[in-house]
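Structure first, then comments.
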Amino acid sequence: MEFRYQDIVPWGRSFDEYLGMFDLSEDDLARDIVGIGDGPASFNSLMHQRGTPIVSVDPIYRYSEAELRQRIQKTYEDVIAQARQNQDKFVWTHISSVDELAEIRMQAMDAFCRDFESGKQQGRYIDASLPNLPFPDGRFDLVLSAHLLFFYSANRDLVFHLNAVRELLRIGTEVRIFPIVDVNSNPSPFLSPVVDELKKDGIICAVECVPYHFQKTGNEMLRLRAC
Ligand SMILES: C[S@@+](CC[C@H](N)C(=O)[O-])C[C@H]1O[C@@H](n2cnc3c(N)ncnc32)[C@H](O)[C@@H]1O
């Protein structure tokens, strides 16, 4: 069986998963952070509770909390059914079963939902889409993006990937993208062409191992910096 999605789905991970996926240190957490394609992840909500608010960007933020809860429930049925059929694609150490996966993710997405309306009023959740983000050059110190670029290689082409990554670099000093494999844990066909183009622009590109390991081949992130 293969994972197959009609389009990019709203599905969100927990604060601890974000720490592992992006190998974030306490020093990193004190930086001026934006998450692109954060969807219903709980990272923004937990950062707000810690007193170090960040900005999240996603086109689903145009909806209300009630509409988002409905979309999450619909996605839940599909993602969990596909996860049951594809258990061989994951490492079941940190998360021990599909049931535990469902519980962790739903807790994270509930935390997001409870924070969403007030966070939107405070400007922490912004409705916008790659490859055009409503921020001036260099607005952020650290730009994070998970489970969007490279992950949905079947749904977006090389031109989109290249324009999107250039936009991430435009708005921030450092960019981290996780994972660099697609939904089926296959290497993204766009990684090498994107890295080759960025190197021509003088961008420092590094593929690094991270502590988070759930997809079998998915424990690496791409770190990008202008020279
Ligand atoms: C699978 S979710 C990942 C959420 C979160 N980053 C995580 O890792 O848990 C992918 C998100 O990307 C968002 N998305 C889709 N197209 C986008 C675009 N062009 N720009 C920004 N976000 C986009 C979707 O709405 C969705 O919420």
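Not measured: the values here are computed from a predicted model.
A heavy-atom distance below 4.5 Å is found between the side chains of Asp110 and Arg69. Under the 4.5 Å side-chain criterion, counting only non-hydrogen atoms from C-beta, Val98 is in contact with Trp92. For the pair Val143 and Glu174, the minimum side-chain heavy-atom distance is 4.5 Å or more. Annotation: side chain of Val183 is in contact with side chain of Tyr5 (closest heavy-atom distance under 4.5 Å). The shortest side-chain heavy-atom distance between Asn219 and Val91 does not fall under the 4.5 Å cut-off. Under the 4.5 Å side-chain criterion, counting only non-hydrogen atoms from C-beta, Phe151 is not in contact with Asp182. Counting only heavy atoms from C-beta outward, the side chains of Val210 and Met21 never approach each other to under 4.5 Å. By the 4.5 Å heavy-atom criterion applied to side chains, Phe178 and Leu144 are not counted as neighbours.
Salt bridge absent: Lys216 and Asp88 never bring a charged side-chain N and a carboxylate O closer than 4.0 Å. Salt bridge absent: Asp38 and Arg124 never bring a charged side-chain N and a carboxylate O closer than 4.0 Å. With salt bridges taken as basic N to acidic carboxylate O contacts below 4.0 Å, one links Asp201 and Arg166. Under 4.0 Å is where a charged nitrogen must lie from a carboxylate oxygen, and between Glu17 and Arg105 at least one such pair does.
Contacts of Glu26 classified as salt bridge (Lys or Arg N to Asp or Glu O under 4.0 Å), with partners at least two apart in sequence or in another chain: Arg50. When the ring-ring contact (aromatic ring centres under 6.0 Å, His included) test is applied to Phe116, the partners found at least two apart in sequence or on another chain are Tyr61, Phe112, Tyr125. Tyr18 is linked by a ring-ring contact (aromatic ring centres under 6.0 Å, His included) to Phe22, Phe43, counting only residues two or more places apart in sequence or in another chain. Qualifying salt bridge (Lys or Arg N to Asp or Glu O under 4.0 Å) partners for Glu67, counting only residues two or more places apart in sequence or in other chains: none.
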Side-chain donor/acceptor pairs under 3.5 Å, residues 128-142, sequence neighbours excluded:
residue, atom, partner, partner atom, Å
Asp137, OD1, Arg170, NH1, 2.8
Arg139, NH1, Asp32, OD2, 3.0
Asp141, OD2, Arg31, NE, 2.8

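Applying the salt bridge (Lys or Arg N to Asp or Glu O under 4.0 Å) definition to pairs two or more places apart or across chains, those involving residues 4-16 are Asp7-Arg156.
Ring geometry, His161 versus Phe190: the interplanar angle falls from 30° to 60°, so the pair is classed tilted.
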